[in-house]
2 protein chains.
Amino acid sequence: MAYRPTEKTEARKRAQHKLLSDTALNIVARGGFNALTVASLAEEAKVAIGTIYKYFKDKSAVCTHVFQRGSAREVETVEQCAFPEGVRPEDMADCRTRLEETIRVFSMRALAGHKLAYALIAEPIDPMVEAERLKYRQAYAEIFSRLVQEGVDKGEFRPQDSRVAATAIVGALAETLVGPLARVAEGQEDIGLEELVDSIKTFCLAAVLA
Amino acid sequence: MAYRPTEKTEARKRAQHKLLSDTALNIVARGGFNALTVASLAEEAKVAIGTIYKYFKDKSAVCTHVFQRGSAREVETVEQCAFPEGVRPEDMADCRTRLEETIRVFSMRALAGHKLAYALIAEPIDPMVEAERLKYRQAYAEIFSRLVQEGVDKGEFRPQDSRVAATAIVGALAETLVGPLARVAEGQEDIGLEELVDSIKTFCLAAVLA
DNA sequence: TGATAAAGTGAATATTAATTCATATTATCT
DNA sequence: AGATAATATGAATTAATATTCACTTTATCA
């Protein structure tokens, strides 16, 4: 043999993958998943169409990757908010406070993220990627579920099925945000976002409190 | 001139339109909007592809029509439940009771409607039709909003933005039902539907109550 | 430098589904 | 029956993308 992959080639491979990943994320953030075509990605990344297929099995894989990458940071941030790490147990706020804060952060980030958040939460995409969205929403539900359960155990919240409550919270958040998100995504700045988030917060709080 | 539309031809026209409408609704109820193509509709209705275009402007129009027809009865039923007609004011149940009942009926019908309900509430479809779903959900939100507002005015519910609460309720319902709906739609009968609906009901009630 | 393997290319092809349109059929009226 | 108009037909066309693949370029190593 007379060819072996080396550190340099591996580095380039990683760089190319990152280039495609970044570009794809940009395209989605700018125009939603509709704007992400193999051709548009190739053009914007300045590579040939065929190159895409050296790095991703097919179009679906690109979408899935973008979805995961786009949502990972969101989920992480929200989780950190619900269950702050590096805080001594005695300094940990009560569940009610953390739930409020988590809802606020979720909403505000969604509203600030414009098109990307809309794409992740609500934009219609093809069924193969839809499975990813389900996971995305479930990841959130999982976080809320743990928080609600902790609240129930500590007597802060009424006894309830924390899975259902968590799913309902995610649904309530998504549904109330979709309208405003669509408007914000289209550039018509909207006032009253603070009030909106307050209303949602109050609604969810009341739903789970004792 | 030597041709004039007559009652007979008009009747046939209506019959044909109904045939296409029924067939399209059947296809969606059976396989979701994905299964509804111009070709599949033509085949199942036993007409030529071109015929579809004599009755509908384009594919979108077919989808929109199916969506409206499919949802009309649902919305009507739910509305009747929230605001029963032909009941003397003094016999009208309180808002809390009506809200509970409305949520129960909404959920149960969705769960019983299998694939159609899933298609209307959650199945990803193309953007043109998506606008219709937004209207569909808003129709529900409108009903809940009126009911919540009435409850607030009567002091049964806490003071709140009834639009936000209503939207949140619709979101909570849709989100909690999608999972079970998908499972029911695939034939894996699910137990615990009653409990699920009870949990959702309790959640929403707690959220709006004083 | 020549052999080997991987990465890159993009025109050609495949896919999927909507839409059109020249033609045929059917209904109506005198 | 003949004239007229609406309705029906479905093969052919269009459209929008995804996917392939024969070929070129680049990198590695003996």
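Letters A, B, ... are given to chains in the order of the sequence lines, protein chains preceding strands, and every chain is numbered from 1. As the structure is a computational prediction, the values presented were derived from the model and not from experiment.
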**Prompt:** Counting side-chain heavy atoms from CB outward, which of C/dA7, D/dT9, C/dG10 is closest to A/A48?
**Reply:** C/dG10

**Prompt:** Are B/R96 and B/F157 in a cation-pi setup, meaning NZ or CZ lies under 6.0 angstrom from the ring centre and within 45 degrees of the ring axis?
**Reply:** no

Quickly work out the [X] [atom1] to [N] [atom2] distance and round it to whole Å.
| X | N | atom1 | atom2 | result |
| --- | --- | --- | --- | --- |
| B/I52 | C/dT20 | CD1 | P | 14 Å |
| A/F33 | D/dA18 | CZ | C1' | 17 Å |
| A/Q16 | C/dA6 | CD | C1' | 13 Å |

Can you see if the side chain of [X] gets near the phosphate of [N] - specifically, an N or O under 4.0 Å from OP1 or OP2?
| X | N | result |
| --- | --- | --- |
| B/K54 | D/dA6 | no |
| B/Y55 | D/dA8 | yes |
| A/T51 | C/dA7 | no |

**Item:** Shortest non-hydrogen contact between A/F203 and A/A172, atoms and distance
**Value:** CE2-CB, 4.4 Å

**Request:** Indicate the atoms forming the closest heavy-atom contact of B/D22 with B/R69, along with that distance.
**Result:**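 Here B/D22 and B/R69 meet closest at OD1-NH1, 2.6 Å.
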
Are there any protein N/O atoms within less than 3.5 Å of an N/O atom in nucleotides 24-28 of chain C, and if so, which ones and at what distance?
| from | atom 1 | to | atom 2 | distance (Å) |
| --- | --- | --- | --- | --- |
| C/dT28 | O3' | B/R4 | O | 3.0 |
| C/dT28 | O2 | B/A2 | O | 2.3 |

**Message:** Any base atoms under 4.0 Å from A/F56, or only sugar-phosphate, or nothing? Heavy atoms, all strands.
**Reply:** nothing

**Prompt:** Should B/R98 and B/C81 be marked as a side chain to side chain contact (heavy atoms under 4.5 Å, CB included) after you check the CA-CA gap, both sets of side-chain angles, and the distance that decides it?
**Reply:** CA-CA 7 Å; B/R98 278 185 286 146; B/C81 192; over 6 Å; no

Could you check if a side-chain atom of [X] sits within less than 4.5 angstrom of a side-chain atom of [Y], using non-hydrogen atoms only?
| X | Y | result |
| --- | --- | --- |
| B/E79 | B/E85 | no |
| B/R158 | B/L209 | no |
| B/S21 | B/V66 | no |

**Ring centroid separation A/Y140 to A/F144 under 6.0 Å** =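 A/Y140 vs A/F144: aromatic centres not under 6.0 Å.
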
**Request:** May I ask you to decide if the ring planes of A/F33 and A/F67 are parallel, tilted or perpendicular, using 30° and 60° as cut-offs?
**Result:**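 A/F33 and A/F67: parallel rings.
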
**Message:** Please list, in numerical order, the residues of residues 19-28 of chain A that have a heavy atom closer than 4.0 Å to any atom of DNA chain C.
**Reply:**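 The stretch gives none, as no residue of it lies under 4.0 Å from the strand.
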
**A/E43, CD atom: more than 12 neighbouring heavy atoms under 6.0 Å** = no

Distances for protein N/O vs nucleotides 15-19 of chain C N/O pairs under 3.5 angstrom?
| from | atom 1 | to | atom 2 | distance (Å) |
| --- | --- | --- | --- | --- |
| C/dA18 | OP1 | B/K59 | NZ | 2.6 |
| C/dA18 | OP2 | B/V38 | N | 3.1 |
| C/dT19 | OP2 | B/Y53 | OH | 3.0 |
| C/dT19 | OP2 | B/K59 | N | 2.9 |

**Prompt:** For B/S162, which of B/V152, B/L147, B/V148 qualifies under side chain to side chain contact (heavy atoms under 4.5 Å, CB included)?
**Reply:** B/V148

